[in-house]
Trainee: 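Mind looking over this structure? Questions follow.
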Amino acid sequence: MADEKELRYDPAVIEPKWQARWAADPGMYAAEPHSSGKPKYYVLEMLPYPSGQLHMGHVRNYSIGDALARHMWMRGYNVMHPMGWDAFGLPAENAALKNNTPPREWTLANIAAMKRQFQRLGMGFDWATEVTTCFPDYYRWNQWFFLRMYEKGLAYRKKSKVNWCPDCATVLANEQVIDGRCWRHEDTIIEQRDLVQWFLRITAYAQELLDDLDKLEGWPEKVRTMQRNWIGRSEGTEVEFTVENRAEKIRVFTTRVDTIFGATSVQLAPEHPLVIAMSAEDAGLREQVAKLLEEQKKAREAGDIGTIEKHGIPTGKFAINPYSSELVPIWVANYVLIDYGTGAIMSVPGHDERDFEFAKKYAIPIRRVIGSADPNAEEPELPFVSEDGVLVNSGEFNGLGCHEAQKKLQKVAKAKGFGEATITFRLKDWGVSRQRYWGTPIPIIHCEKDGIVPVPDDQLPVLLPENIEITQQGGSPLSKVSDFVNVTCPKCKGPAKRETDTMDTFVDSSWYFYRYTDAKNDSAPFDSKTAQYWFPIDQYIGGVEHAILHLIYSRFWTKMMRDLGLITNGEPVERLFTQGMVLKDGAKMSKNRGNVVSPDEMVARFGADAARMYSLFAAPPDRDLDWQEDGVAGVSRFLGRVFRIVTRYAPAARAGAAAKAENPQGVALKLLRKLHQTTAKITQDFEGRWHFNTCVAAIMELVNEIQGADAQLAAGEVPPAVMHELLQTVVLLVAPFAPFLAAELWEELGGDGAVLRQPWPKSDPGLAKEDEIEIPVQINGKLVSLVRVPAGSDAKVIEASALAEEKVKARTAGKTVAKVIVVPGRAVNLVVK
RNA sequence: GCGGAAGUGGUGAAAUGGCAAACACACUAGCCUUAGGAGCUAGCGCCGAAAGGCUUAGGGGUUCAAGUCCCCUCUUCCGCACCA
């Protein structure tokens, strides 16, 4: 054991030292031009909202991405690893109200604070391409895209029922409503209001968004399934029922037109136009419908919308089934949704669970129209919802299979003009208007004479005015800024008013990753050739909470930009990784629970390397991670061991820098073998599995083994050349996970240049291979013994040594070995009777 | 209700169908003393004095061999939830 006074591992000294050096070399994380000849690799983590503080979820997210980026740099790729700020949004306005600080000021101060945290953590971002979405040089392109979409009919205005959050005092997209509540205010019930809103026609891409999910093989199946469900494609038929003694018609949407002869009523959503019309004439009906709506509202407040009891009101009117001419009663029902399909259904209680439940309750006739395909079989019990059967009680269609019948019925409907095959999506157009201040102004002018007039491109950006008064009531804050509102119409030069709504902030994050590739461009959102070089993103890393919102909008935006001719790729992201949450005491960290762990505190106590490495070590990246401070302390102790062992033998290693390790023996061979095995394991993991927790464990094993040989190292039993390879490689393997320590030790070992520019170590399979291995010997599947055989021994050799083994002999004595199964290199199993 | 993921020591966890519990945390015992959130050595699934036996939520199955594959049940978490 070396007895001279040793240096102590002190991250509080090492880390700021390297942070300062890296800050002085801003180009070190910059991507190279396309002409570099290296293969490109775009690694991206989701950009944070500048709340003012990084949290542990961020530390984990960016530790994963940074490890990957560093590894890819060392593998010789041209890496792009950018960072930016999702800087628009409501919290800035709330803060403004609370602290009397302008949103811009508050946001920029938060960005500065979080950028310091990123730098203190040693994250390798190229700050030269930093994107801040609240800056005019960014959001002008939101406006530019909006105008392009307006020209193509992809941005349009309509009056509609919208989701209104009373706490946000603004409209929410469908995607932002969770169980009837606001995604930011769990306790706030969303109200329905009628407002004129801007929409983006994402439904124009519904089919493609769905189809292309199949191509996204690098995405978690879970996310693809969630998106598929969200898009909710449904093939069916629309059928028009005429109403007895009225001019209106009722269109119903059904996926089971084959059951239409079993329709015994027609059900309308309470908000259906015909219900409104009939209510206007019938005070009794009006009252009951109002009650129904009130019930729904209450259920929504109680959070059990979806499970409330089915409830209906007979209107006393009848609809005519166009196939059978049968008269069926028209009801208003609380389980029919106005915003799906046509807001009206035919009710087939014999073959639909919900209709069955409803019919039972109100004694509506239940009729079998699908029977068993096998004439000898007993008829299945109702409700029978399977499509595996044949039509009965269906006139001329009797005997047809369900699918066949559907096609035939559709043909008839089409021919007679009362219906057709249709495809319905659950996905709705994206409402982007927000009655808030801190967002991208929608570049539209309303002129009394010319109507809606787009702001001409050369007048972009429409700047968000500063020094305005933020209030929480009464519509958009911008509507009170007369300098902003009152303009001249670009067409007629007459007086006109600006649109005062701003855009949903998900617009900002839908294309920010393209801007990174050309962040300073002031004549286009980005250069197409440059984007073509970098896209698609090779690896995107973020939380699964964005599986629907951000990731579906981004896919839409990419397709839209492709159709504008800006890019050639149809999907933005090749591989997606969704990391698990960071928990504390088994629960999500939150101020309410008082279980928030601050990254700053962790860094102050244990250092950035320890915090980062722990976040990778404590669990596989895709699983939830319970933050345990003792665990961070453990990783910190491990880093201390690495520091000590490397500094202790750095002089020996430096002495071996020029030499070559010839034919190593004994402990030197043993350590080299472990080294090359570890290198292979970690390299492999970066390529596929991403189990960084076991990578860190493997490095720990390696370091433990080196330390276990301390006496032999001190005695000089390992040649300097081997010491050199050993210690340098340990440092390089650690580098993606603990960049500060790696930099310090690399310098200590006399290494040339930045660690980031070193080639990633290569594992020599010959060196990594053991020359002798242990093979378990089982008798009837139970482990009995182990035998040592030369590596690569064939089955005969292994069998012979297994049978010769003492314990095996003892147990097989007097018995018959019926069978011997040898899996070379793996196991031997004797079947003994 | 539907869909998905998961269930392994006191804890976080590991294990291409082939030695269950690697690596760490906590704990126990000992050593060291520049008394540090330090370092070193050893032990640490359960039963048992030992030999040995048992053990991956529970039950069944496939297999020479199952934590791993199949079926059923239970539990937890996540997503969707009257989508016609």
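In what follows, chains are A, B, ... by sequence order, proteins preceding strands, each numbered from 1.
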Trainee: Counting only Watson-Crick pairs (N1-N3 plus N6-O4 or O6-N4) and G-U wobbles (N1-O2, O6-N3), all under 3.5 Å, who is the partner of B/C44?
Mentor: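 B/C44 is unpaired by these criteria.
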
Trainee: Rounded to whole angstrom units, what separation is found between the OH atom of A/Y614 and the C1' atom of B/G37?
Mentor: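 After rounding, the reported distance stands at 16 Å.
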
Trainee: For a quick test of reading the model: is some side-chain N or O of A/R689 closer than 4.0 Å to OP1 or OP2 of B/A15?
Mentor: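 Yes.
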
Trainee: Considering only side-chain heavy atoms of A/R644, which listed nucleotide, B/C80, B/C40, B/A14, is closest?
Mentor: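 Taking heavy atoms from C-beta onward, the closest nucleotide is B/C40.
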
Trainee: If B/A65 has a Watson-Crick or G-U wobble mate with both distances under 3.5 Å, name it; if not, just say none.
Mentor: none

Trainee: Without decimals, in angstroms, what is the distance between A/R60 CZ and B/G12 P?
Mentor: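 It is 14 Å, rounded to the nearest whole Å.
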
Trainee: Could you measure between the two C1' atoms, the one in B/G9 and the one in B/U56, and give it in whole Å?
Mentor: 10 Å

Trainee: With both distances under 3.5 angstrom, what nucleotide forms a Watson-Crick or G-U wobble pair with B/G3?
Mentor: B/C78

Trainee: Over 60° means perpendicular and under 30° means parallel, so classify the ring planes of A/F358 and A/Y362, tilted if in between.
Mentor: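 Judged by the thresholds at 30° and 60°, the geometry between A/Y362 and A/F358 is tilted.
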
Trainee: Ignoring hydrogens and geometry beyond distance, is the side chain of A/R826 in donor-acceptor contact with the base of B/U16 at under 3.5 Å?
Mentor: yes

Trainee: Let me know the distance between CG of A/D626 and P of B/U76, rounded to the nearest Å.
Mentor: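 After rounding, the gap between these two atoms is 19 Å.
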
Trainee: Is there a donor in the side chain of A/Q684 and an acceptor in the side chain of A/R689, or the other way round, less than 3.5 Å apart?
Mentor: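 A/R689 and A/Q684 do not have a side-chain donor-acceptor pair below 3.5 Å.
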
Trainee: Mind checking whether A/F261 and A/Y323 have parallel, tilted or perpendicular rings, split at 30° and 60°?
Mentor: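 Tilted: the ring planes of A/F261 and A/Y323 meet at 30° to 60°.
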
Trainee: Does A/N829 contact B/C64 through a side-chain donor or acceptor facing the base, at a distance under 3.5 Å?
Mentor: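 Yes, a donor-acceptor pair under 3.5 Å.
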
Trainee: Closest approach to the side chain of A/V823, judged atom by atom: which nucleotide of B/C40, B/G37, B/G18 is it?
Mentor: B/G18

Trainee: Give the nucleotide from the list B/G37, B/G12, B/C19 with an atom nearest to the side chain of A/R605.
Mentor: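 Per side-chain heavy atoms of A/R605, the pick is B/G37.
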
Trainee: Using the six-membered ring wherever Trp is involved, compare the ring planes of A/W430 and A/Y553 and label them parallel, tilted or perpendicular (cut-offs 30° and 60°).
Mentor: parallel

Trainee: Determine the interatomic distance between P on B/C40 and the same-named atom on B/G60; round to the nearest Å.
Mentor: 48 Å

Trainee: Which one is paired to B/U33, where only Watson-Crick or G-U wobble pairs with both distances under 3.5 angstrom count?
Mentor: none

Trainee: Any N or O donor-acceptor pair under 3.5 Å from the base of B/G39 to the side chain of A/R637?
Mentor: no

Trainee: Just how far, in rounded Å, is C1' of B/U41 from CZ of A/R641?
Mentor: 13 Å

Trainee: Test for a donor-acceptor pair under 3.5 Å between the base of B/G1 and the side chain of A/E353, counting only N and O atoms.
Mentor: no

Trainee: Ignoring the backbone of A/Q778, work out which of B/C19, B/C23, B/A14 is nearest its side chain.
Mentor: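 The listed nucleotide nearest to A/Q778's side chain is B/C19.
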
Trainee: Once you apply the 3.5 Å cut-off to both distances, tell me the Watson-Crick or G-U wobble partner of B/C23, or none.
Mentor: B/G12

Trainee: For the side chain of A/S234, counting heavy atoms from C-beta on, which of B/A14, B/A84, B/C19 is nearest?
Mentor: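 Out of B/A14, B/A84, B/C19, the nucleotide with an atom closest to A/S234's side chain is B/A84.
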
Trainee: Would you call the rings of A/F686 and A/F737 parallel, tilted or perpendicular, where under 30° means parallel and over 60° means perpendicular?
Mentor: parallel

